[in-house]
Structures are given as C-alpha cells and as structure tokens.
Protein chains: 2
Amino acid sequence: MEFANVSERQAMSPELAVSTVIFALRDEADDGEAVGRPTLWLPLIRRTREPYRGQWALPGGPLGARQTLQDAAAANLRATTGLAPSHLEQLYAFGGLDRSPAHRVVSIVYWALVREDDEQGTEAAPDAGGAPTHRERLLKDPNVAWFPARDDAVIEALAFDHAEIVRYALWRLRNKVEYGSIAHRFLGPRFTLAQVQEVYEAVLDRRLDAANFRRHLRGAPGIEATDEYLHGGKHRPPRLYRYAGDTAAVPQENTNTEEQRDRS
Amino acid sequence: MEFANVSERQAMSPELAVSTVIFALRDEADDGEAVGRPTLWLPLIRRTREPYRGQWALPGGPLGARQTLQDAAAANLRATTGLAPSHLEQLYAFGGLDRSPAHRVVSIVYWALVREDDEQGTEAAPDAGGAPTHRERLLKDPNVAWFPARDDAVIEALAFDHAEIVRYALWRLRNKVEYGSIAHRFLGPRFTLAQVQEVYEAVLDRRLDAANFRRHLRGAPGIEATDEYLHGGKHRPPRLYRYAGDTAAVPQENTNTEEQRDRS
DNA sequence: CCGAGTTATTGTCGAAGTGACAATAAGTCA
DNA sequence: TGACTTATTGTCACTTCGACAATAACTCGG
C-alpha cells in the first residue's frame, strides 16, 4: 500500500478515461409513427479501431494532464454535439477489471443534458462563405449518430460496459427529474407547463395528470409565471413561464449538488 | 482527443488513487462531558512524508493493477481499522488540477460505515501466544487516530482537499440516512428502535420525536420485530428488532443502488 | 408492597401533500 | 355559432407527518 517510485507507479496505475452520457429531447420517432410526444435521445460514436471496432460506444477519451474531469466531459460533449451542456454532472467511476479486453481502464463517467436548439456554445456565427461549422460536419459524420435512449437493441449492443452505464444514467436522470427542477434544462428560457410536463413524461416514461402536475410545479422553486402567452396554437393559448433559479448552465467544479438516497 | 501511443498516454494520464471516508458511531465524548448519546467519528492517518507531512489525511493509496475500485477502498478500510465495512459505497471522483502540490492526482473516494464491535472481518482468533493482531497494532499506532466527524478544527486542517471531501461525505450520509434503511448498519443484528433513533439523531444532528420515528420505521421495509426484549435496563424493556433485508454487508461491484435528486 | 420516576409504545388531531376527476375558460375550425 | 381541443381551476378522499397526549412496563427507594 506504499508508493513505489514514479515509473513503477505509472506502470501499475490503470489508464484513466472520461466518458459522457448525453441526453437530448427530440420529437421525431424512429419509425414511421407520428408520435408528437418528444422522447429521449442520445448520441453515440462508432468505434473505428479495436476493441469493439464498428460498434457504437459512448463519447469519451483520455483525461488530459491539464484538464479537469468536468472539462474533459464538456470536451466530449462538444466534440460529439457541438453544443454546450445545459446540465453536466458526474455519474459514477467505473473500475471493473475486465471492462476493456486488453488494458485496464478506469472510466469516470458524466451525464449531460443539452438543448439542441440552443445557440449558446455553438461555434461563432455560420461563416457565410463556405467552410462548414463543426456542427454541420457532425451532421454528416457517419461515425456520430443519435439513437432513442430506450432502444434496447441499440443500447444492449454497445461496446465495453456502456450498456450498463447508459441504464444507470437513465435511472439517475429519472430520479433527478422526479425531485428537482432539472426538467427546464431541456427547454428554452420561456416554456409552457405542458412542455415541462412533456419532459417529465419523456423521462419518467409515463403519463401524468395535468392538473396535479401543475399544482406540483407551483410548489417548485424557481418556476415563475410571466404575463406572456404562447399564441399561434390551435387552441387556448397557454401561459409562458420562466426559470428564475441559478442561471449557471454548467455547475462549477466539484459542484456536489446532487443528493443520494437509498430506496431499497 | 485521440489516443497517442501507450507511453505517451501514460505520461499524460494523471495518477489515480482511492481514498475512503470511514464512519463509526462512538459513545465517548472527546472532553470530560459524559454525553451518553453516541456521535459520529472517523479515523485519520497522519502523513509521514511530504506534501502535508505531519497533517492528518483520509486513508488512501494508489489503485493496484488487479484491484477493483471497491477492493481498494476495502483495503483502505482494513488497513486503517482492521474491520470489514458494514456499508461501502462510492462517493465521488475528485479531479481538480491543484489537489496536490506536485503531481496531478485524481482520487476516487468511497465512504463506509463500520461497526467497531463487529467481529466479522477481524483477524482470526487472537493467538494466545503473543504476536499482536492487526487491530491491536493499530490501537497503538500514533499515526492512526479517531476524531469526531464534526470537529471542525480537525476537519478543516486536513491535508489536500480532504476537508471538502469529508463535508461532502457527511452530507451524503445524512441524505442516505434520511431516506433509507442504512442506519441499522451501525448496529448489531438485534437492536431496539431507540438505538436506531440514536443513530439517526447522531447522523442528522437533531432530536427526533420517538413516536413519529417509530411510525416511520414501521413503514420502512426490512425492519422486523422479534419477540425478544432487551432486559437488564433500568426501565421498561424495549422490544428487539432485526433487519431482514439484503444481508450482504458489502454491495457488489458497481452496485449503483444509490439515488440522486436535486433539492436546489 | 407501593408509588415515584423513567423509558417504551400507542393513539389522536390538524396541517399539508397527492391521485382521481369534475368543471370551467379560451382559443381554433368547419 | 357550435363542436372540439387544450388550458386552468376546483373538489374530494386518502395518506403523510409533526406535535403531543395517554397508556404500559419496568426499576428503585422507601
């Protein structure tokens, strides 16, 4: 249990990587069904080398010497989506012995929420000239693709132990949404309560009673009614709300704002 | 964001260590006051080399090549207390750039509960002959000592960022206790409800109503009444209860049974 | 043996929260 | 204008929870 010299220590110490589970809400359904309700999607990277060459995996990479864990996770996010996270939080450190066939790799995994319509964090204004932006390039990259987070056929076929990681991330997302005010991070600065409800329903994967849900949100801190209404719909125009809590999209290093409980 | 060759990667990758915050419940008060109520204590290690030589720190060490993260945490625990954990769970991975003055170190921190009266996991029967057991040696080791977990003077003076880590571990312990059935892990196989209440009060650091607390525990799963009573006290003998949930003291690798919510 | 003292245990009551669901409001569309 | 749809409010029974009264059971001092 004592340190040896530096070279020996480095020879012993397993490789350290940071991966990120990225969630976004999308409207389209995979198949022909016109669903109308948004569902959870996540981007994956196709591996271009062994092991697991050709299979889909979570975005990730080694931790740079001058990179915070959170920085590395944000870099994963940006490389995969071109977006800034609207929420980013550490999930778990996975350190099993046989996660990767050849080397021993310890992965510190983060999970993130993004808004795809978010223009913050996107590269500078699209240069009228011609060079495609990072996001435009990503859309054409055959090794980056989005999948429904509940598509078991895809998730279970992921490389390494990434299926387990995604299941755990989904579970954490559910718990976080059930309690707190995280749902609005999928939405823009102004939103209707029905939109928040759709987020809840997509994440929890069940229907909620609109009346009770509204009452629930009244109690929640940070959600404030504006005096604006969303016009242009086919029916009674709903009131717009805004979130008036901590505006910081990305929590600071070692934010430790999460809470853990045991329901078992 | 691409891997370089192996040697370059190892040169880049920060050092990886595992530390453990260990909690136990003890009766004695630090000063002369005869408190009667048990309080939270934790063991610390005095550093014998730079940096922070002479200061107290959390038990920890580098991750062995054939060691699971959980194994490494259990090894910390055993080296520090000679006991097996009655609960062991990952806390957080700390990866700030300046946690250690010289090297860059990423620490994966666990937190644990132990029962000091627990004979499980203690070294084999004390050899009548003479060689002191590991636990006996630890009691005399001037570089291992127990401190009250709420002694700010001690905690704030810890080496590295360990003060922050202990604060976070305390907060997680509180949340875990508030919700779930973790308190009994401080206790033996048979316990009274008053003892469980004492655990709650020590962890949450506030008094609870006995009647409401009892009702609360009735709803909790796993806690079963026995038909035995604890005799020998000075007053009405309380009924003994037992925990009938998962008996595994240490959760399996990647247990992921924790839950996270956001109260902010 | 009795009654005071202390802890253990159960019961009660009002406030607050929650799910189911009825009722009303305010738009669009034919 | 009226049917239709979504938005929003209200109601009711049920549960949960904190505060606290009331009862039970034991020890101990006389």
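Every value quoted in this text rests on a predicted model; they were computed, and no experiment measured them. Letters A, B, ... are given to chains in the order of the sequence lines, protein chains preceding strands, and every chain is numbered from 1.
Among residues two or more places apart in sequence or in another chain, the salt bridge (charged side-chain N to carboxylate O under 4.0 Å, His left out) test is passed with Asp205(A) by Arg150(A). The side chain to side chain donor-acceptor pair (under 3.5 Å) search around Gln197(B) returns Glu201(B), not counting sequence neighbours. The side chain to side chain contact (heavy atoms under 4.5 Å, CB included) check on Leu193(A) picks up Arg214(A), Leu217(A), Tyr241(A), with sequence neighbours excluded.
Between the side chains of Arg215(A) and Asn212(A), at least one donor N or O lies within less than 3.5 Å of an accepting N or O.
As rounded to whole Å, 7 Å separates atom P of dC17(D) from atom NE2 of His216(B). Atom-to-atom, CG of Leu208(B) to C1' of dC17(D) comes out at 13 Å; the value is rounded to the nearest Å. If you measure from atom OH of Tyr200(B) to atom P of dG18(D), you get 12 Å, rounded to the nearest angstrom.
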Notebook entry, point to check: How does each nucleotide of nucleotides 23-30 of chain D score, in 5' to 3' order, for protein heavy atoms under 4.0 Å: base (B), sugar-phosphate only (S), or none (-)?
Noted result: -BBBS---
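Here OG1 of Thr80(B) is found 7.5 Å from CG of Leu138(B). Values are rounded to the nearest 0.5 Å.
Of the possible polar contacts, none joining the His162(B) side chain to the Trp56(B) backbone as a donor-acceptor pair under 3.5 Å is found.
By the 30° and 60° cut-offs, the orientation of the rings of Tyr200(A) relative to His216(A) is perpendicular.
Along DNA chain D, the nucleotide nearest to Arg215(A) and the one nearest to Pro238(A) differ in position, and the one closer to the 5' end is contacted by Pro238(A). Mapping Arg206(A) and Arg239(B) onto DNA chain C via the closest heavy atom, the residue that lands nearer the 5' end is Arg239(B). Ranked by how close their nearest DNA chain C nucleotide is to the 5' end, Asn212(A) and Leu240(B) are led by Leu240(B).
Residue Ala211(A) is in base contact, counting any heavy-atom pair closer than 4.0 Å across all strands shown.
Counting only residues at least two apart or on different chains, the salt bridge (charged side-chain N to carboxylate O under 4.0 Å, His left out) pairs with a member in residues 225-241 of chain B are Arg190(B)-Glu228(B).
In the 5' to 3' direction, nucleotides of DNA chain C lying under 4.0 Å from heavy atoms of chain B begin and end at dG5(C) to dT12(C).
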